[in-house]
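The structure under discussion appears below in the form of structure tokens.
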Amino acid sequence: MKTRVLMVCLGNICRSPLAEGILKSKADAERIEVDSAGTAGYHVGNPPDPRSVAIAKKYKIDISTQRCRRFSRADFDRFDHILVMDRANYRDVISLAENEAQRGKVRLLLEYTHSGLQEVPDPYYGGDDGFENVYRLIDEACDRLIEEL
Ligand code: 4NP
């Protein structure tokens, strides 16, 4: 049976598209399905932020064909693991959950790192170095995640 993983951030144009692309690059697609979504709907239908596309490309990952979508309650049934980038995402997703089983699927992605950080910082208003930092944090988390799946 496939394990289904959903990466979630606020806009679904910076962090979670990268997380989707990075985890897909490490995972066996026959065994693990990966998608991403945002808690907000500002950018629905848009491709990822060009800075996320560029940092992924630097590491030989193509995320340019992804399109932004909004997280919805139906995602609790479709996915086994819902991994959020920061505490605000956690609160927003948990607020839509209807039972303990759904709440139990939601975790901070950085629980899977030893970075000491709990949140993947939002790089949207910062410079390009923010995207490099985000890439490294997500990459480390995905290495550990893949060992557990
Ligand atoms: P993301 O970053 O949550 O990593 O996709 C953001 C993207 C867009 C906005 C905020 C954060 N925004 O305010 O439009």
Side-chain angles (χ1 to χ4, degrees), residues 3-27 29 32-98 102-146 148-149:
T3 301
R4 296 184 164 83
V5 180
L6 182 67
M7 300 293 195
V8 176
C9 63
L10 173 64
N12 191 215
I13 56 166
C14 296
R15 292 166 292 176
S16 60
L18 265 179
E20 177 186 336
I22 291 170
L23 186 60
K24 273 184 179 157
S25 77
K26 298 176 191 291
I32 298 172
E33 185 179 308
V34 192
D35 192 14
S36 65
T39 56
Y42 321 127
H43 303 280
V44 170
N46 292 349
D49 186 288
R51 296 167 294 176
S52 279
V53 174
I55 196 76
K57 193 172 174 199
K58 178 177 166 189
Y59 292 99
K60 313 268 184 278
I61 296 172
D62 180 10
I63 64 167
S64 66
T65 59
Q66 291 184 29
R67 292 295 175 268
C68 173
R69 74 170 180 89
R70 193 168 187 181
F71 180 83
S72 81
R73 278 207 167 96
D75 290 317
F76 285 114
D77 297 325
R78 288 180 50 211
F79 293 92
D80 305 299
H81 302 279
I82 297 170
L83 302 177
V84 299
M85 301 299 133
D86 63 33
R87 289 192 201 86
N89 309 149
Y90 186 86
R91 279 193 299 276
D92 289 342
V93 170
I94 287 287
S95 74
L96 295 172
E98 288 169 323
Q102 293 185 346
R103 279 187 278 277
K105 293 181 176 185
V106 189
R107 288 161 85 176
L108 287 162
L109 176 67
L110 293 195
E111 279 183 24
Y112 292 94
T113 70
H114 290 190
S115 65
L117 293 175
Q118 289 198 307
E119 305 190 295
V120 181
D122 184 346
Y124 187 62
Y125 292 107
D128 286 346
D129 57 336
F131 284 76
E132 184 75 47
N133 181 44
V134 161
Y135 187 95
R136 290 195 187 151
L137 287 170
I138 294 173
D139 189 54
E140 186 195 338
C142 288
D143 278 337
R144 291 179 197 272
L145 174 61
I146 207 94
E148 288 201 17
L149 292 176

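For ligands, and for the atoms within them, numbers begin at 1 and follow the listed sequence.
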Verdict with reasoning, D75 to R78, per salt bridge (Lys or Arg N to Asp or Glu O under 4.0 Å): CA-CA 5 Å; D75 290 317; R78 288 180 50 211; 3.3 Å; yes
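- Every pair passing side chain to side chain donor-acceptor pair (under 3.5 Å) that includes a residue from residues 3-16 is listed here, sequence neighbours excluded: R4-E33, N12-S16, N12-S36, R15-D86.
- Salt bridge annotation for R144-E140: present, with a cationic side-chain nitrogen under 4.0 angstrom from a carboxylate oxygen.
- Looking at L137 and P121, their side chains come closer than 4.5 Å, going by heavy atoms from C-beta outward.
- Classification of the Y135-Y59 ring pair by plane angle, with boundaries at 30° and 60°, yields parallel.
- Taking NE2 of H81 as the start and NZ of K105 as the end, the distance is 9.0 Å to the nearest 0.5 Å.
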Present, as a list of atom pairs with distances to 0.1 Å, all nitrogen or oxygen contacts under 3.5 Å between ligand 1 and the protein.
residue	atom	partner	partner atom	Å
ligand 1	2 (O)	D122	OD1	3.3
ligand 1	3 (O)	L10	N	3.0
ligand 1	3 (O)	G11	N	2.8
ligand 1	3 (O)	R15	NH2	2.9
ligand 1	4 (O)	R15	N	2.9
ligand 1	4 (O)	R15	NE	2.7
ligand 1	5 (O)	G11	N	3.4
ligand 1	5 (O)	N12	N	3.3
ligand 1	5 (O)	I13	N	3.0
ligand 1	5 (O)	C14	N	2.9
ligand 1	14 (O)	H43	NE2	2.8

